[in-house]
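Here is the structure we will look at, set down as structure tokens.
Quick note: residue numbers are just sequence positions, from 1. Excluded from the calculations below are hydrogen atoms, water molecules and symmetry mates; all remaining heavy atoms, backbone and side chain alike, are included.
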Amino acid sequence: MTTHLTHWGAFEAATDGERLTEVRPWRGDPEPLPLIENVASAQHHPTRIDRPYVRQSWLERGPGAARRGDEPFVPVSWDRAVELLSAELRRVYGEFGAESVFGGSYGWASAGRFHHAQSQVHRFLNCLGGYVRHVNSYSLGTSAVLLPYVLCDLYWLLGHSTAKSVISEHTELVVAFGGLSPKNAAVSPGGVSRHNARGWVAAARERGCRFVTVAPLRDDTPEEAQAEWLAPRPNTDAALMLALAQVLDAEGAADTTFLDRYTVGYERFARYLRGEADGVVKDPPWAEAITGIPADRIRALAREMAGSRTFVTVSWSLQRARYGEQPLWLGVVLAAMLGQIGLPGGGFGHGYGSAANVGEPTRQLRVPYLSQGENGVDTFIPVARIADMLLNPGAPYRYNGQDLTYPDIRLVYWAGGNPFHHHQDLARLREAFARPDTIVVHDAFWTATARHADIVLPATMTIERDDFGAGDNDRMFFPMPALTRPHGQARDDYAILAELSERLGVAKEFTEGRTTGEWLRHLYEQWRDGLGERGRDLPGFDEFWAGAGLELPVAEPAQVAFADFRADPDAHPLPTPTGRIEIFSDTIAGYGYPDCPGHPVWLEPEEWLGGPAAARFPLQLVANQPRTKLHSQLDVGSHSRSVKIAEREPVRLHPDEAAARGLRGGEIVRLFNDRGSCLAGLVVDAGVRPGVAQLSTGAWYDPDPADPSHCRHGNPNVLTADRPSSTLSQGTTGQLALVQIEAYREVPPDLSVTAPPAIVTERG
């Protein structure tokens with residue numbers, strides 16, 4: 001058995017050289033997951049791309065704007081594909097310059113540090129002069145912009161969060177806004193060796209720690225927590241948090257000593273709480289009318305938080321919504337008012353239950369990686385603004401205190417990732433994808449993104465290539481030798497780009513004369529030599545490659561976030577403009593954005609259960625992450641397919657909501673709003689808040705040929721709005737939307753995404 005790594009865990013596999021004959025979790029994992037079943041079952045699925053393809057009209061008529069997604073593809077040889085693509089790259093860079101090329105390749109490509117698709121394609125494009133890039137992520141676009149003003153750099157926080165073991169030992173009360181989802185805590189960028197989402201919660205509960213989960217779904221917190229479940233109307237967490245803060249302020253329970261020494265702007269925020277700023281006291285009765293949570297329970301919870309060693313954590317999901325800055329900022333403010341930031345088991349966390357790496361002690365050693373080189377283009381977009389960019393070249397927009405302009409993109413180069421999974425309002429994204437001259441995609445499968453491309457190049461899966469890997473902040477560094485031959489004519493991204501770089505005259509810069517094997521050895525030995533100079537002795541490459549992996553040291557197992565800042569805020573100031581926690585931000589206030597003022601507030605979203613739009617669409621769609629796959633990866637795998645109903649993604653609905661619509665579990669239903677519609681299989685579940693429909697993302701987009709806004713497979717992003725969280729962050733709001741559900745009485749249409757697109761031979 002050979003060890004391998006995925007974003008959702010390490011596994012051991014046996015192989016006959018063509019396919020995996022046995023797959024089992026890595027023996028060191030205390031909480032293994034069944035997601036590994038998707039790897040072997042998907043490898044030779046009919047949707048694997050077996051050779052290069054070119055969209056028929058692009059091949060016949062050349063580059064230009066076109067309606068992509070409907071046309072057949074023509075198989076071509078590798079030599080022909082490379083010839084066509086290298087000529088198109090020469091044309092676009094020569095006529096329009098590097099600012100006309102968008103290097104998409106948004107993350108979550110396969111695990112592995114050398115064959116990291118984003119790094120490979122960005123390195124290649126940098127050799128040609130650069131590309132327009134994206135900043136931030138769909139997962140954390142709002143947080144990445146807001147937190148540096150308020151607390152610290154987001155990624156520093158994710159890597160230095162209070163250790164889960166410390167919470168287990170010291171915390172008396174965990175208040176989890178957005179829950180502590182065990183399915184999300186099962187994954188991490190780059191991989192997970194030892195899952196522990198349930199273990200640390202069980203240990204804390206056994207010691208006597210109480211958990212309160214604030215979420216629309218009961219199972220967004222592990223059963224081991226035995227949590228109290230509070231289910232406010234979705235997207236009203238900010239109102240609930242303001243009322244908790246108001247009680248602390250009104251009853252003198254806020255730690256004024258901490259606030260005076262470690263924060264700025266509390267009094268300006270307190271005037272808002274007290275109603276002095278707008279005449280509205282943000283007290284529990286006010287919050288009850290918005291959230292649906294009884295005022296007495298809000299008041300009691302605030303007192304419990306003040307009387308306990310309390311840990312306030314905010315999931316990533318809350319900031320993926322309209323005005324998502326507000327609940328995140330308020331989580332920091334609540335923790336500051338309790339005065340426990342920097343204490344073992346107290347304070348603030350962001351993302352416990354959102355990814356496996358959050359709450360893991362900081363790994364001391366960064367693993368080797370391939371340099372992307374230097375980008376010669378300064379132009380960028382926030383990642384969730386891709387449709388805006390493609391549809392509005394030259395248009396101005398505002399972001400994070402800057403006045404920017406969308407570039408005119410002629411060529412999109414995508415390797416790794418699937419924007420037709422991550423993005424919102426897919427009919428609009430499809431319209432945007434019609435605009436560029438050329439779209440190039442490397443992928444292992446016929447995803448929706450590949451089906452909307454002009455040149456499609458078949459990429460290997462991780463099990464078909466040599467690599468090494470380690471997850472973000474994970475202690476294990478694994479060799480990842482290829483387990484099987486590639487499927488069909490698939491090649492790894494490096495081999496594809498190396499041949500292109502040879503044709504384009506930049507091979508020296510891109511490959512530096514090395515093969516994949518030589519790169520792996522070079523990167524490892526360079527890393528090892530650097531550590532040796534610092535007194536660390538690691539095995540040579542051959543020993544590492546033949547072994548079962550290296551366990552890397554962590555800096556401080558009992559890690560407590562902001563302990564140094566608490567001990568001496570002058571010697572260890574925060575990287576905010578004032579060096580303190582900014583409850584009021586003069587910088588943000590100075591931008592003058594009405595959708596994100598200088599301190600956290602309640603802003604009523606356009607789509608929520610308390611607003612006028614709910615009269616037509618009375619269910620709040622929660623489009624969260626799936627439990628049977630990572631995002632949309634390997635949706636054709638056996639474990640992913642095992643939960644589908646009549647081949648559709650399942651949607652969960654409370655029994656009362658199902659009964660009110662005459663719906664039964666197991667039948668096909670139609671979800672719809674003014675943006676689009678989709679089919680899904682109904683699951684009736686009392687663990688879903690009334691008024692909520694939960695449909696996970698991840699079903700491969702399967703548009704009706706006559707109506708791209710209708711997905712036959714169950715992708716909720718035909719329903720979600722392509723609007724930003726705020727002008728400040730331009731983050732995604734894809735977590736929530738208003739919908740209605742009705743029975744689907746017709747014969748369900750056949751799916752197209754479980755088979756390749758139409759394939760034709762070249763005419764003439």
Worked verdict on R641 versus E649 for salt bridge (Lys or Arg N to Asp or Glu O under 4.0 Å): CA-CA 9 Å; R641 297 199 314 267; E649 201 70 12; over 6 Å; no
Candidate pair D722 and R428, rule salt bridge (Lys or Arg N to Asp or Glu O under 4.0 Å), full reasoning: CA-CA 8 Å; D722 188 8; R428 184 172 187 264; 2.6 Å; yes
Test applied, side chain to side chain contact (heavy atoms under 4.5 Å, CB included); reference residue, Y701; option that passes from H452, R451, R712: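 Going through the options one by one, the only one that passes is H452.
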Aromatic ring pairing F477/F468, orientation class (parallel under 30°, perpendicular over 60°, tilted between): perpendicular
Ring geometry between F420 and F433 (parallel below 30°, tilted from 30 to 60°, perpendicular above 60°): perpendicular
Side-chain donor/acceptor of W414 to backbone N/O of H442, under 3.5 Å: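 Checked: no pair found.
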R652 side chain to D685 backbone, donor-acceptor under 3.5 Å: no
Heavy atoms from other residues, nucleotides or ligands near OH of Y369 exceed 12 (cutoff 6.0 Å): no
With sequence neighbours excluded, residues passing ring-ring contact (aromatic ring centres under 6.0 Å, His included) with W446: Y53, F73
Sidechain N-carboxylate O distance under 4.0 Å for [X], [Y]:
X	Y	result
D472	R363	no
K629	D635	yes
R485	E18	yes

Ring pair (Phe, Tyr, Trp, His ring centres under 6.0 Å) between Y413 and Y131, intermediate numbers included: CA-CA 9 Å; Y413 206 125; Y131 60 95; over 10 Å; no
